[in-house]
Amino acid sequence: MEENIVLTMRGITKLFPGVKALQNVDFTLRKGEIHALMGENGAGKSTLIKVLTGVYAMDRGEVCLDGGEPAMIRSPQEALRRGISTVYQEINLCPNLTVAENLFIDREPRKRGLIDWKEMYRRSGELLERLEVAVEPTRQLGDCSIAIQQMIAIARAVDMRCKVLILDEPTSSLDDDEVEKLFELMRRLKEQGVGIIFVTHFLEQVYAVCDRITVLRNGELVGEFLTAELPRLQLVAKMLGKDFDDLAQIKSMKETERDSRQQAPLLEAQGLYCQGRVKPFNLCCYPGEVVGFTGLLGSGRSELVRTLYGADRPDGGTLKLRGKPVKIDTPLQAMMHGMAYLPEDRKSDGIFADLSVRENIIIALQTKKGIFHPMGRREMENFADKYIGLLQIKTAGRETPIKSLSGGNQQKVIIGRWLLTNPEFLILDEPTRGIDIGTKTEIQKLMLQLSEQGMSIAFISSEIEEMLRTCSRMIVMRDHEKVGELTGGDLSQEKIMNTIAGGGSDNEQ
Ligand code: ADP
Ligand code: MG
């Protein structure tokens with residue numbers, strides 16, 4: 001047996017009603033390594049971690065610490081006592097307490113029974129300095145950035161002498177600089193011998209910071225690999241399994257796309273604008289095509305589509321649908337005209353967290369029908385089941401609260417919601433951001449299928465590559481203005497970048 005093993009999990013099996021979340025999974029963590037746990041949404045990553053931290057009891061298997069006898073970890077408190085700490089994406093600290101108080105909650109240094117504040121601040125300062133986290137111990141936690149809050153959660157774990165540090169999707173809400181700072185901290189801890197389990201779906205991050213990768217698929221172990229020996233494409237293939245050919249399939253679907261421009265446009269905007277958000281633009285969208293909107297963050301991509309949808313009320317210009325002038329000042333009007341909009345921020349704009357999958361699916365159609373035409377229970381259930389099946393939404397059932405689904409599956413529910421309204425014009429603003437690569441591929445495929453059936457789709461993504469894979473035309477935005485439109489042979493990464501940069505593309509308008 002290897003010397004430096006901190007954790008061995010063997011034959012872990014965990015069943016939920018109707019779902020085998022984990023089947024006979026092995027996982028090994030060594031001292032001073034950063035070990036990525038990867039897999040598509042629903043692969044079983046979080047369940048494995050919850051078994052390890054005593055949140056769930058496993059059905060079969062064993063967990064050994066430091067190469068010792070199998071240990072029973074019955075609760076998160078017990079996991080903590082045994083040196084296993086978890087930092088979740090939603091930070092479980094108290095925003096209204098100071099940094100120091102958060103570091104020492106439930107273990108405050110005391111003098112004659114009273115909290116020794118001086119000592120607490122001193123030790124906090126020392127700890128933060130050692131980990132090079134730049135923040136004052138006296139600061140209120142809620143005033144710190146999410147990145148700093150996460151580092152404080154990590155510092156707390158480290159000070160409690162954790163041997164195993166689990167980071168479950170810690171980078172989703174961080175910007176590039178913050179991610180880099182977090183990585184520096186992770187590397188420092190690794191040097192101190194901490195074993196780190198890093199759950200993420202960002203491939204670049206895995207390659208930037210991890211030594212080893214364990215891949216799960218459908219609750220089963222695919223394998224453990226050294227990062228240096230596993231090329232990216234292979235990692236993707238392992239996560240996706242036999243569906244890997246889908247990527248090639250997408251490309252061929254796009255190539256067989258008919259020339260939709262021979263038809264009359266579905267939507268025509270002329271000089272449409274919204275003060276301070278998007279400058280006057282002309283735009284035509286045809287049935288059966290996917291049009292991409294690209295540009296730097298903040299260039300006005302979202303604002304343009306919001307203006308089409310009436311989510312931002314236009315200040316001037318005209319809009320025609322199927323050749324007829326229409327006035328769309330509100331999303332409800334847009335919906336009545338056969339438009340649908342999947343917003344960028346699904347957490348605040350899209351999801352009704354406490355409602356079930358069924359309720360989340362039928363809500364847009366119900367709104368469209370109006371409250372005086374309530375849908376029957378059976379009808380709602382049938383619709384929900386249809387879209388759960390069609391979009392392969394991984395959920396225990398239609399009555400499961402949406403918040404218990406993974407991000408990618410929540411996104412599919414929202415897409416299902418809008419498909420149910422049977423739109424002719426579908427706006428998808430970053431539908432694939434922050435979701436795993438398998439679901440991403442499915443969503444791209446779905447877009448192409450829908451467009452083949454005649455739907456017109458407006459697609460925004462920060463990943464130019466995925467737009468090139470799906471779009472037949474790209475609108476380029478810069479400083480809140482439409483500055484270019486590329487099609488055919490001009491649809492290349494280079495041309496797009498040039499247009500974004502204002503580097504004198506022939507297509508400048
Ligand atoms: P990941 O974290 O890799 O996205 P999870 O571990 O969350 O995957 O989920 C694995 C599988 O177990 C999924 O099919 C998921 O729907 C199911 N699952 C997870 N937690 C529960 C639960 N509390 N009840 C029922 N099913 C669950
Ligand atoms: Mg998870």
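Since we're looking at a predicted model, the values are computed, not measured. Start at 1 and go down the list; that is how both ligands and their atoms are numbered.
- The residue from L165, I166, I34, L37 that alone fulfils the side-chain contact (heavy atoms from CB on, under 4.5 Å) condition with F198 is I34.
- Contact residues for ligand 1 (protein heavy atom closer than 4.0 angstrom to any ligand atom): F16, V19, A21, E40, N41, G42, A43, G44, K45, S46, T47, Y56.
- Closest of all the heavy-atom pairs between P423 and W418 is CD-O, 3.2 Å.
- With contacts defined as side-chain heavy-atom distances shorter than 4.5 Å, the pair M186/L167 qualifies.
- F104 has its side chain within reach of D159: a pair of non-hydrogen atoms, C-beta onward, lies under 4.5 Å apart.
- Between the side chains of E224 and T28, not a single donor N or O lies within less than 3.5 Å of an accepting N or O.
- A cation-pi geometry, defined here as NZ or CZ lying under 6.0 Å from the six-membered ring centre and within 45° of its normal, does not hold between K181 and F183.
- Proximity of a side-chain donor or acceptor of E33 to a complementary backbone N or O of I196 within less than 3.5 Å is not detected.
- Environment of NZ in K31: sparse, with no more than 12 heavy atoms of neighbouring residues, nucleotides or ligands closer than 6.0 Å.
- In this structure a side-chain-to-backbone donor-acceptor pair under 3.5 Å is missing from K14 to D59.
- Neighbours of the Mg ion (ligand 2) restricted to protein N, O or S atoms under 2.8 Å: the count is 1.
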